[in-house]
Each structure stands twice: as structure tokens, then as C-alpha cells.
Amino acid sequence: MSAAKTPAHMLEVDGHEVHITSPDRVVFPDVGLTKLDIARYYVAVADGALRGAGGRPMVLKRFVKGIEQEAFFQKRVPENHPDFIDTATLHYARGTSAEETVVRDAAGLAWIANLGCLDLNPHPVRAEDLDHPDELRVDLDPMPGVDWSQIVDVAFIARDVLDEYGLTGWPKTSGSRGLHILVRIAPQWDFRQLRLAAETLAREVENRAPGLATARWWKEERGESVFVDFNQNAKDRTVASAYSIRPLPDARVSTPLTWDEVRERRPEEFTVPSVLERFAAIGDPHRGIDDAAGTLDGLLRLAEQLGPAEKPPRGGDGSGRRASTMPLIEIARTQTKPEALELLDRWKAEHPDAAAQLHPADVLVDGMRGSSSLWYRVRVNLQHVAEPERPVQEELLAAYDPWAGHP
């Protein structure tokens, strides 16, 4: 006989009742955090979490089967949402639209935690004005082989550029390997201008720190550098906001920092238990962010001075597709990351001489957005492999199609 299902736990949050189903389900086995623990965490840090995600439409990233399984992305708000959950309808360039969730209080945070959401993924707009973003997001994404000190060096260069162009950057750990810098702006520019300003910032950081930072969009061209990911400012993109719990075994948290802390602290220090203690002791280091809105005028003037960014070459087969300048081969397309890594190891075992010559940044395992979840593409850049020893493109070890069965 199966064990009886644990009754739902009722949290009373700011006058609202939020029911947490399966409250004792363990979400993070390594540290023993349950679903109820996650909901209580978000209530405890609500002041900071809402500063990052409150009042913004968000994509729900739901880990309904635990952190060992891929999450699925839900743009549309569940039909049976409570009255303390607002909504906003976003229209996308490809002609689709979605009525998305808007959280405005601690009860809303607890409610989405009950849906299996760990990290918060808001758009950089307020629900009241969906066409004019009020936040520029600087995502410092390290390539394999890059250590924390290099990320920090790039972060301070980015801060200098922002300062020179009248903008204030607020740093936080990404909750993974990188660093985010949030920049509040007046809601006066559209997404095209926002992305141009972000790309211009990235190019200027690369100009000041060649070899350390890169604005090259194509991953195989970056080398062992920090990618200043300007494309996170496109209309359809979201990033994990402040106080988001990331799906890592240690329950790591994307944590706001002061600039004085950036060189001294490390991402692995910030987990659910330690952030609860930190928040109770010092509150939110980003408490002044909403009073520091700046202008994009300076970066947009710099964009004119720099001229258009270099575009990648196109293939000569008439398809118009981009042609890589690097000797790339594709290994596999898989539904899950463990499968991708397993097939990468298999390829290395079949080609040991080539594998021994690869640099860390030559191995490209990319999470790709599918219809409702991530899938994984595995490629290898053979630039450091002696040309006579380069393996040829072979049949993929796996050819998962994320669009199969979708209209």
C-alpha cells in the first residue's frame, strides 16, 4: 500500500491564504530543503525578491519533477490563479502573444513556489508599460576555463563604462558561474534601442579588455573570455532575478552584492540558508536601485560613433545561413544535459588524440530553448587540433528534435 499523501500546508501571507501542496516533498536532497522551505524562503526575502521581479510579467520555469529533471517553461498564467495574481499580455514579434503572470506581493511569490518555480524569470518591463523597458541587464557569462577573478575584472570595467555614460550598475551573482549587473533606466526607449545600448556597452568593454571580455555572439569565437551577453536584452528574453534559487544541488541563490563585496565573495557562499541569515542581518543591498534610473542617451551616442557591429559571414549555398569561421563539428542533439555529456565522453573516447588537444572553451554544450523546455546541442571546435588529425563530421550520435509533434 502506498503511503498517504501529505495534506497541503496553508501559509497565511499578508492576509492571503496560500496552499502548499506536498509540503514535505524534498526539492534539494543534498541540503534537505522541502517545497514548504522554498515557499517560506521567498516570503522571508520578499522585499528584495519583489524589488527585482515584482510588478513585471514573468515566465514560469517549473521544476515539477525536481531539480534532476529539466524544467518546462510556461508563459501563460494558469487559469485558476488566485485574485492576488495579476496578469499582463505580451505581444511578440513573431505574431504570438501570452497572458503572463505578474507577482506583486509575498503571497504571489509563495504561490509560484507552490507551482514548482525555483528561480524568478521576469521581463525587463513593468506591467503598466510593456513597450518601454526600465532595466538594462549586463550578463557576464564566463566561457569554460575562465575563473572568478577574470569575471570580477570584467565587471569593474563594465562598471566604469556605465559610470562614464551616466548609468549606475548594481551587481549580483547569477547563481551559477557568472555575474549580473542590473541597470535601472527611465522607461523612454523601446527594446530595439535597449538591445543596441547593451551591445554597445559590450563592445566598449571588449575594446577596453581584449582577451578578457568579448562581445562576439558566436560561442566558438569567444575563446577563454567573459561574454558580455547583450542579447539578454531582447524582448523575449528573461534572466533569473535577484534572490532566485537556482537548480543546483547546493540550493544556490542569485544574490545582490555591494561593489565592495564583488572581489571578496564567491557565488558558492550564497545558498538558501546563508542568504536567509544575510537578509535578516543586512537586508537588501539593492534597496536603492529604483532611485537610480539613468538614461540610454550616452550609450546610443557611442553606438553611432562605433558604427554597426561586425556581422558574421553568410554561407555560399544560397540559404543565407551564417557560415562559421571556425572548424566546427556537431556531435549530438539531446533532450537532457546528462545525455549530452555522456555522448561527448563517448566521442572523446572514440577520438582520443583530438580530444587531448582541445582547450576548455573548444567544447560547446549549449542549452537551447525548445517549445516549452531546454534541449542540448553538443559541438566541438577543432581550432586547436592539428589539421591532419581533425575528425570529420560524422552522423550525430543522437538527433533529438525538440519540435517534433508541435505545429
Side-chain angles (χ1 to χ4, degrees), residues 5-6 8-9 11 13 18-29 31 33-43 45-46 49-50 52-54 56-82 84-90 92 96-123 174-176 236-249 251-254 272 335-338 367-376 402-403 405-406:
K5 186 176 181 180
T6 304
H9 181 93
L11 281 179
V13 187
V18 183
H19 293 269
I20 308 299
T21 58
S22 304
D24 59 354
R25 180 190 300 159
V26 177
V27 181
F28 290 93
V31 290
L33 289 176
T34 65
K35 190 177 178 185
L36 180 58
D37 293 329
I38 301 304
R40 284 174 169 163
Y41 160 83
Y42 274 117
V43 172
V45 300
L50 291 170
R56 302 178 182 276
M58 67 169 62
V59 175
L60 302 178
K61 184 180 177 184
R62 300 179 61 180
F63 291 85
V64 295
K65 296 182 180 180
I67 62 172
E68 295 84 6
Q69 301 292 323
E70 292 291 338
F72 74 89
F73 297 92
Q74 181 174 339
K75 288 186 175 180
R76 290 171 174 79
V77 65
E79 291 184 1
N80 60 343
H81 61 273
F84 55 81
I85 294 294
D86 281 347
T87 66
T89 301
L90 273 71
Y92 295 98
T96 60
S97 64
E99 186 181 10
E100 297 191 7
T101 301
V102 178
V103 168
R104 296 192 183 275
D105 54 25
L109 293 173
W111 180 76
I112 64 172
N114 183 57
L115 295 178
C117 298
L118 296 179
D119 41 15
L120 311 175
N121 290 271
H123 293 272
S174 70
S176 183
D236 60 346
R237 293 297 184 95
T238 62
V239 296
S241 62
Y243 297 98
S244 287
I245 305 171
R246 307 310 304 273
L248 297 176
R252 198 170 299 186
V253 171
S254 178
V272 167
Q335 187 172 8
T336 67
K337 190 170 185 178
M368 313 289 287
R369 185 69 68 89
S371 60
S372 62
S373 62
L374 292 178
W375 60 280
Y376 292 86
W403 308 107
H406 294 277

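Remember, predicted model here, so these are calculated numbers, not experimental data.
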K.L.:
Does E99 have any side chain to side chain contact (heavy atoms under 4.5 Å, CB included) partners at least two apart in sequence or in another chain, and if so, which?
P.N.:
V77, T87, T89
K.L.:
Heavy-atom distance under 4.5 Å between the side chains of I245 and I38, does that happen here?
P.N.:
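A side-chain contact exists here, since the closest heavy-atom pair is under 4.5 Å.
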K.L.:
Determine the minimum heavy-atom distance between V13 and A106, stating which atoms define it.
P.N.:
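Heavy atoms only, the tightest pair is CG1-CB, 3.6 Å.
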K.L.:
Taking only residues two or more places apart in sequence or in another chain, which ones pass ring-ring contact (aromatic ring centres under 6.0 Å, His included) with F84?
P.N.:
H16
K.L.:
Check whether any side-chain heavy atom of V272 lies under 4.5 Å from a side-chain heavy atom of V253, and answer yes or no.
P.N.:
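Yes, their side chains come closer than 4.5 Å.
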K.L.:
T238 vs M58, test: side chain to side chain contact (heavy atoms under 4.5 Å, CB included). Steps then yes/no.
P.N.:
CA-CA 8 Å; T238 62; M58 67 169 62; over 6 Å; no
K.L.:
Within the 4.5 Å heavy-atom criterion, are K61 and F73 side-chain neighbours or not?
P.N.:
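Result yes, sub-4.5 Å side-chain heavy-atom pair found.
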K.L.:
Could you tell me whether the side chain of C117 reaches within less than 4.5 Å of the side chain of R62, counting heavy atoms only?
P.N.:
yes
K.L.:
Ignoring hydrogens, what is the shortest heavy-atom contact between A110 and I20? Give both atom names and the distance.
P.N.:
O-CD1, 3.9 Å
K.L.:
Output all residues satisfying side chain to side chain contact (heavy atoms under 4.5 Å, CB included) with R104, sequence neighbours left out; order by chain, then residue number.
P.N.:
D86, V102, A127, E128
K.L.:
Between P23 and A8, what is the shortest heavy-atom contact and its length?
P.N.:
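Nearest heavy atoms, P23 then A8: CD-CA, 4.3 Å.
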K.L.:
Evaluate D37 against F28 for side chain to side chain contact (heavy atoms under 4.5 Å, CB included), listing each step before the verdict.
P.N.:
CA-CA 10 Å; D37 293 329; F28 290 93; over 6 Å; no
K.L.:
Kindly give the heavy-atom pair with the smallest separation between A251 and L33, and that separation in Å.
P.N.:
CB-CD1, 3.6 Å
K.L.:
Of all residues at least two apart in sequence or in a different chain, which pass the salt bridge (charged side-chain N to carboxylate O under 4.0 Å, His left out) check with R246?
P.N.:
D119
K.L.:
Take V103 and I112 through the side chain to side chain contact (heavy atoms under 4.5 Å, CB included) test and state the conclusion after the steps.
P.N.:
CA-CA 9 Å; V103 168; I112 64 172; 4.1 Å; yes
K.L.:
With E100 as reference, evaluate R76, H123, R56, Q74 under the side-chain contact (heavy atoms from CB on, under 4.5 Å) test and give the passing residue.
P.N.:
H123
K.L.:
Distance from D105 atom CG to L50 atom CG, nearest 0.5 Å?
P.N.:
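With rounding to 0.5 Å, CG (D105) is 7.0 Å from CG (L50).
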K.L.:
Listed by chain and number, what are the side-chain hydrogen bond (donor to acceptor under 3.5 Å, both in side chains) partners of S174, not counting sequence neighbours?
P.N.:
none
K.L.:
Roughly how far, to the nearest 0.5 Å, is CG of N121 from OG of S244?
P.N.:
6.5 Å
K.L.:
Kindly write out the residues that satisfy side chain to side chain contact (heavy atoms under 4.5 Å, CB included) with D236, not counting sequence neighbours, or none if the list is empty.
P.N.:
Y92, R94, A234
K.L.:
Partners of A242 by side chain to side chain contact (heavy atoms under 4.5 Å, CB included), sequence neighbours excluded?
P.N.:
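Listed in chain order: K172, P256.
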K.L.:
Can you name the closest pair of heavy atoms from G175 and L248 and give their distance?
P.N.:
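Here G175 and L248 meet closest at O-CD1, 3.3 Å.
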K.L.:
I need the T101 OG1 to I85 CD1 distance, nearest 0.5 Å.
P.N.:
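T101 OG1 to I85 CD1: 6.5 Å, rounded to 0.5 Å.
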K.L.:
Could you work out, with side-chain hydrogen bond (donor to acceptor under 3.5 Å, both in side chains) as the rule, every residue matching E70, not counting sequence neighbours?
P.N.:
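Only Y376 meet the side-chain hydrogen bond (donor to acceptor under 3.5 Å, both in side chains) criterion with E70.
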K.L.:
Taking side-chain hydrogen bond (donor to acceptor under 3.5 Å, both in side chains) as the definition, give me every residue that meets it alongside T21, ordered by chain and number, with sequence neighbours left out.
P.N.:
K35, N114
K.L.:
Checking K75 now: which residues fulfil side-chain hydrogen bond (donor to acceptor under 3.5 Å, both in side chains) with it, not counting sequence neighbours?
P.N.:
none
K.L.:
Looking at every heavy atom in both V18 and A107, which two are closest together, and how far apart are they?
P.N.:
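Closest heavy-atom pair between V18 and A107: CG2-O, 3.8 Å.
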K.L.:
How many angstroms lie between CD in Q69 and OG1 in T336, if you round to the nearest 0.5 Å?
P.N.:
8.0 Å
K.L.:
Calculate, to the nearest 0.5 Å, the distance between atoms CG and OH belonging to L118 and Y42 respectively.
P.N.:
6.5 Å
